[in-house]
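Keep in mind that this is a model prediction, so the values were computed, not measured.
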Amino acid sequence: MDALLYWVGLVAVAVNALTGVMDSGRKQMDLIGALLVGVATALGGGTIRDLLLDRNVFWVVDQTYLIVALATGLLSFFAIRRRPLLPRLFLIPDAFGLALFTIIGTQIALQWHAPWLVASLMGVITGVVGGVLRDILCNDVPLVFLQGELYATAAWAGALALIGMQEIGISPVISAWAGMAIVLALRLLAMRYHLTLPALRPPTG
Amino acid sequence: MDALLYWVGLVAVAVNALTGVMDSGRKQMDLIGALLVGVATALGGGTIRDLLLDRNVFWVVDQTYLIVALATGLLSFFAIRRRPLLPRLFLIPDAFGLALFTIIGTQIALQWHAPWLVASLMGVITGVVGGVLRDILCNDVPLVFLQGELYATAAWAGALALIGMQEIGISPVISAWAGMAIVLALRLLAMRYHLTLPALRPPTG
Amino acid sequence: MDALLYWVGLVAVAVNALTGVMDSGRKQMDLIGALLVGVATALGGGTIRDLLLDRNVFWVVDQTYLIVALATGLLSFFAIRRRPLLPRLFLIPDAFGLALFTIIGTQIALQWHAPWLVASLMGVITGVVGGVLRDILCNDVPLVFLQGELYATAAWAGALALIGMQEIGISPVISAWAGMAIVLALRLLAMRYHLTLPALRPPTG
């Protein structure tokens, strides 16, 4: 189980690095700029979680994550230069990455004995802060805050479900898979049926 | 005294969460975006202070702060959706929040044996960084850096006054109240009489 | 050697504070805004490095750095108000600051037993994150990410060279000087001959 999570975690890092490099393409960044934005996108959420919990930062201890982020960034850069990629192609892997990062982040916070609401927020932070950093570095309003198709919402629901299930005695492994399924299902259904939360001001025009 | 500070601290968290949600309204954020910006505004300054001092992050240890920030954010969101609020109504509670956060931050840094100038900056950081995060997340130049009516300046003056008074032997409690009064008085007088600091380039037009 | 590095480090802090204040001039910031941006530019890179490595933040322990950053910021503010400075005048001292920050950051990470690729990234972070914070606080896309004349690239090459030389048995002192020379030479040559890395989209017009 742990070995599986480790490998899927590396895949999620790679997917996030790719979205960072894709986004940097809109801003005339050069190779090193794109790589650094890709690394920040891939590792940013878990980094903020580890700093807030006062843990060792995961990629400082095990540089495999950094190597995967850099290698994916490098490959993505030259692939995109040759032929631009359609962003919609990555929404499915990105949803898997969101689900996985959220559940890993929540589990780590629970093991650290964080209070339950804090633990759920750590899951959300692990899942979405990489993309928030990417958008700040590209000087955009973070996408995840704008009216969208249940991104942070799906993450939070899955994290709370995981915590609730563990609380009533369901095993951590089953709770984790169920939590991941909830994040993924909510996100995919929201994309399919354009489900949104209320916004303060409806989009005009 | 400590119990009083705790309760007033929760009020300051609530006021800051409200300003975060209000500000997110200008950017078509949805409920979750507004909540997350509200939480970042309410808890951001103290978080950065705790990370810099290598303390446990206050809201990770005691999730009451997070609950207050989320509940206020939720109420604010639906109140503002029903009827937009006039920003000027919140300048007075916001000035109280600034004074309180600044003095709490300075006291914590002094107890942590930070050098005096560092301690005063920790007060300023606790007081203003929440608003800086809010403006960065909303993709604006942080208001506190623009020519304004003595915001960070009032905080810094109060923090330095508190430290000076403790240094010459005045009791911590009296120094704290005096420091808070100085932040508040400077900020309110500056708003009333439009006091400003010099700027590098005067506003044009 | 250590004493020399300490003094040159203070000079690099001063140069970075100056560039922060200069940049804030484009945004109508007032004195306190310019000072805070100057401090963030001067101390930001080392702060992020120390947080990631879980070290005591350097300027919280020794407030000399903060005093130098504030004093330089204050002097710069009034000097620039009197007569605007030409940005190009600071590119040479800035290149020295980049080289020094990068090598100090890499050395600190190696002493902290960070893995080699992580250590090289800590050098880059120490060298460039101050400027990234400055640009975020001024609401610009960080300059260092845009197609430019080998800024982060020069830093990374020097950091990797230092690590490689230490690995094959060259003394830390000689490796440090050589690494610094590489950063400086690459950056100055790139400015002289307009060397750039490939970008995702060539600048138009």
Response to the item:
Rounded to the nearest 0.5 Å, the OG1 atom of C/Thr153 sits from the CD1 atom of A/Ile32 at a distance of 4.0 Å
Worksheet item: Using non-hydrogen atoms only, which part of C/Leu150 is less than 4.5 Å away from chain A: side chain, backbone, both, or neither?
Response: neither
Worksheet entry | Contacting moiety of A/Ile67, where chain C heavy atoms sit under 4.5 Å | both
Worksheet entry | A/Asn139 (side chain) donor-acceptor with C/Ile136 (main chain) under 3.5 angstrom | no
Discussion item. Within the 4.5 Å heavy-atom criterion, are A/Asp30 and C/Thr196 side-chain neighbours or not?
Written reply: no
Worksheet entry | Part of C/Asp135 within contact of chain A (heavy atom distance under 4.5 Å) | neither
Worksheet entry | chain A contact via C/Trp112 - side chain, backbone, both or neither, heavy atoms under 4.5 Å | neither
Worksheet entry | 4.5 Å side-chain heavy-atom contact, C/Leu121 and A/Gln63 | no
Item to complete: Check whether any side-chain heavy atom of C/Leu117 lies under 4.5 Å from a side-chain heavy atom of A/Trp59, and answer yes or no.
Response: no
Discussion item. For a 4.5 angstrom cut-off between non-hydrogen side-chain atoms, does A/Val61 reach C/Val118?
Written reply: no
Practice prompt. Report, by ascending residue number, the residues of residues 46-54 of chain C in heavy-atom contact with chain A at a distance under 4.5 Å; give 'none' if the set is empty.
Written response: C/Leu51, C/Leu52, C/Leu53, C/Asp54
Worksheet, complete the sentence: All heavy atoms of A/Val60 vs all of C/Pro115, minimum pair found to be O-CD, 3.1 Å
Worksheet entry | Between A/Ile80, A/Asp140, A/Val57, the one whose heavy-atom pairs under 4.5 Å with chain C are most numerous | A/Val57
